[in-house]
Protein chains: 2
Amino acid sequence: MTIEYDRIVRTSLSRQVAESIRAAILDGRLGVDQRLPDEIELARRFKVSRPTVREALKRLAAQNLIRSQRGPSGGTFVDLPSLESVSRTIEGATTLLIGMGAFSVEEIVLSRMETETLACRLAAANRTQRDLDAMEAEIAVEREATLSDEGFCASDVRFHRAVVDATANGPLKLMMYTVIESFIPITNMIIVEDRERRRAAESHARITQAIAARDGEGAAALMRRHLEGMRGILEQALAQRAARFASTTEDALTASGAGASTPRLLDGLG
Amino acid sequence: MTIEYDRIVRTSLSRQVAESIRAAILDGRLGVDQRLPDEIELARRFKVSRPTVREALKRLAAQNLIRSQRGPSGGTFVDLPSLESVSRTIEGATTLLIGMGAFSVEEIVLSRMETETLACRLAAANRTQRDLDAMEAEIAVEREATLSDEGFCASDVRFHRAVVDATANGPLKLMMYTVIESFIPITNMIIVEDRERRRAAESHARITQAIAARDGEGAAALMRRHLEGMRGILEQALAQRAARFASTTEDALTASGAGASTPRLLDGLG
DNA sequence: CCATGGAAAAGGTATGACAAATATAAGTTT
DNA sequence: AAACTTATATTTGTCATACCTTTTCCATGG
């Protein structure tokens, strides 16, 4: 005969507390901008110590679920996230997967092609003058000869975001930021030749024209061609990054001895 | 004359430590499954106290970037996330946005229509027998008359996921899990009538047939019609959820007095 | 050879104190 | 009286230290 033992709690207290508060937020028992009890009170309610409560709060803060402020009338507040903060969270998570080589170049290029051509079609239907202005501003930036590589890539990302923004579809924007943003760290490492740059800028210009003319199919076709041209560049970038991950050194956190000069932190890893 | 003061650090130490370690992981200076120094050593390296280090580690743990284990040969390890864990993170973030009513029903329906028809086309091209089996398994579940509402909705989600899986495109899967998964909490609240259920199951069956026959366009058209039918249900669900959020009570964290019976926690919110 | 038990190592929790920020109230000066 | 300054209280942020719990591994004894 087997005895029913007490179910032993195997998750840490801070995790349980975090889950508990998180559930309260998700269920709507805690509304936006509502103030939580202060940490000492939370500790009393949950019957744990303050450090434990704080660890729980940090977990939630990492998910942008809460924000804290010192002082009286300060405290911890429910901080329901904007599209931007969620987008950043997603970007961080995706960047890892891509950086690890979880996806092949073919997959990445295909997914971008399919989704961005879709975005082109919707953008052509819904774009406003503001959207067109945003796109053209980026094209102007990209035509600057003095622009750094990072600057060019950042502008490229902003252009593609602008196209997605023009669809005027929130969920779609959210989804596509995932794919677009997560290429920043990769493409940043690539030296974009001057010739390539000009070609990209001209592609962007043509796409913008088509969207301005409400020609969704035309814009989609141009976008497809544009991304096709990026395939080679991406292949190069991913290969470089993979190589770097392969040669991971042993002791990456060696403290850089100096220390005294820097105000406080910012060192700690070699 | 204005003096250049030392740049005051405005972010908390635990945040800085977390960022520092996070950067090391993202840069590849810390490889997967690599062990970090123990907490006391980290505290020494960063010149902060152990609780501060622990708060930083909890931040990272919340992002599934690290995992911890007790005992000797335990410690903190880099835990680069799988597609599933990233997907879960994204789901949590998006669920909030949707729950808050950040998106309109039109936006949601349109985004699902556009992306899922896209998935149908790719699925028809790339599906394997396994994918078809997965879809048909869900259809079989949905035809069970005794299934609970939650069970039906969960199966619905799994079916749509199966379609996306059949595209064999990682980035696309990641993007679409975002949208599909985040509707679970909403659709779960809706009582699906028996008639509706049967209609959905039959839609799923026809879509599966078209994908099996490599008929991408046909599958896409069927999917579009299927989602069109869901528009009304979604409208109802979102209205209900919005109402619940509006009537947020004041004191949602009131401790349930009992306490002695529960092993340790699990209470704390009424 | 296997099982049992006990150290040791590492994360988990608790306590208590102090530091820093900041809103509010009180007091002082103009 | 108004405006500025100062005190003060509140709340998060940080620190130091101790102890508990889990897990590994080795030594010891059967």
Side-chain angles (χ1 to χ4, degrees), chain A residues 5-21 33-62 64-79 253 263-266 268, chain B residues 5-21 33-62 64-79 253 259 262-266 268:
Chain A
Y5 288 106
D6 256 13
R7 236 182 111 47
I8 301 177
V9 180
R10 290 224 162 267
T11 60
S12 71
L13 287 180
S14 76
R15 205 189 188 82
Q16 290 178 59
V17 172
E19 261 317 307
S20 194
I21 296 175
D33 286 333
Q34 193 169 340
R35 184 178 176 284
L36 294 163
D38 58 66
E39 295 175 349
I40 211 126
E41 174 63 22
L42 281 174
R44 246 204 308 274
R45 299 237 185 135
F46 285 107
K47 302 198 203 315
V48 297
S49 70
R50 189 153 92 94
T52 302
V53 167
R54 283 184 58 78
E55 287 180 10
L57 293 179
K58 292 318 160 213
R59 292 184 116 100
L60 299 173
N64 286 311
L65 270 147
I66 58 172
R67 107 193 82 94
S68 292
Q69 218 167 18
R70 290 207 266 210
S73 86
T76 305
F77 299 88
V78 177
D79 185 33
L253 279 178
R264 183 79 205 226
L265 200 61
L266 304 176
Chain B
Y5 289 105
D6 256 14
R7 240 184 109 45
I8 301 177
V9 181
R10 288 226 162 266
T11 59
S12 70
L13 287 178
S14 76
R15 206 190 186 79
Q16 291 177 58
V17 171
E19 263 317 307
S20 194
I21 297 174
D33 285 333
Q34 193 169 338
R35 184 178 176 282
L36 294 162
D38 58 69
E39 295 176 349
I40 214 134
E41 174 63 21
L42 281 174
R44 247 205 307 275
R45 299 239 184 133
F46 285 107
K47 303 199 206 309
V48 297
S49 69
R50 188 151 93 98
T52 301
V53 167
R54 283 182 59 78
E55 287 182 11
L57 293 179
K58 291 319 162 208
R59 292 185 117 101
L60 299 173
N64 285 311
L65 270 146
I66 57 172
R67 108 192 78 94
S68 292
Q69 218 168 13
R70 289 210 265 212
S73 86
T76 306
F77 300 87
V78 179
D79 187 33
L253 279 179
T262 46
R264 182 78 205 228
L265 199 61
L266 303 177

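The shown structure was predicted, so the numbers you read here are calculated from the model rather than taken from an experiment. Throughout, protein chains are lettered first and strands after them, A, B, ... in sequence-line order, and every chain is numbered starting at 1.
The side chain of A/S73 contributes no N or O atom lying less than 4.0 Å from OP1 or OP2 of C/dA23. Contact annotation: B/T52 side-chain N/O to D/dC15 OP1/OP2 distance is under 4.0 Å. Remark: B/R35 is in phosphate contact with C/dA10, judged by side-chain N or O atoms under 4.0 Å from OP1 or OP2. Side-chain nitrogen and oxygen atoms of B/K47 include none within less than 4.0 Å of the OP1 or OP2 phosphate oxygen of D/dC15. Residue B/R54 places at least one side-chain N or O under 4.0 Å from the OP1 or OP2 atom of C/dG12.
Distance, A/L13 CG to D/dC20 C1': 12 Å, rounded to whole Å. The CG atom of A/L36 sits 13 Å away from the P atom of D/dT11 (whole-angstrom rounding). Nucleotide D/dT14 holds its P atom 20 Å from the CZ atom of B/R44, rounded to whole Å. Between A/L42 atom CG and D/dT12 atom C1' there is a gap of 12 Å when expressed in whole angstrom units. Rounded to whole Å, the distance from CD1 on B/I40 to P on D/dA16 is 11 Å. We find that CZ of B/R70 is positioned 20 Å from P of C/dA7, with the value rounded to whole Å. Distance CG (A/D38) to P (D/dT10): 10 Å, rounded to an integer number of Å. Rounded to an integer number of Å, the gap from B/E39 CD to D/dC19 C1' is 15 Å.
A/R15 contributes no side-chain N or O that forms a donor-acceptor pair with the base of C/dG12 under 3.5 Å. Checked by distance alone, A/R50 brings no side-chain donor or acceptor within 3.5 Å of a matching partner on the base of C/dT13.
Each of A/K58 and A/P72 was matched to the nucleotide of DNA chain D holding its nearest heavy atom; the match closer to the 5' end belongs to A/P72. Mapped onto DNA chain C by nearest heavy atom, A/E55 and A/G74 fall at different nucleotides, with A/E55 at the one closer to the 5' end. Heavy-atom distances to DNA chain C give each of B/Q69 and B/P51 a nearest nucleotide, and the one nearer the 5′ end belongs to B/Q69.
A/E41 is listed as a side-chain neighbour of A/R44, based on a closest heavy-atom distance under 4.5 Å.
Here the OG1-CD distance, from B/T76 to B/Q34, works out to 12.5 Å after rounding to the nearest 0.5 Å. For the atom pair A/R45 CZ and A/S20 OG, the distance stands at 11.5 Å (nearest 0.5 Å). Residue B/R50 holds its CZ atom at 11.5 Å from OG1 of B/T52, rounded to the nearest 0.5 Å. The CD1 atom of A/I66 sits 11.0 Å away from the CZ atom of A/F77 when rounded to the nearest 0.5 Å.
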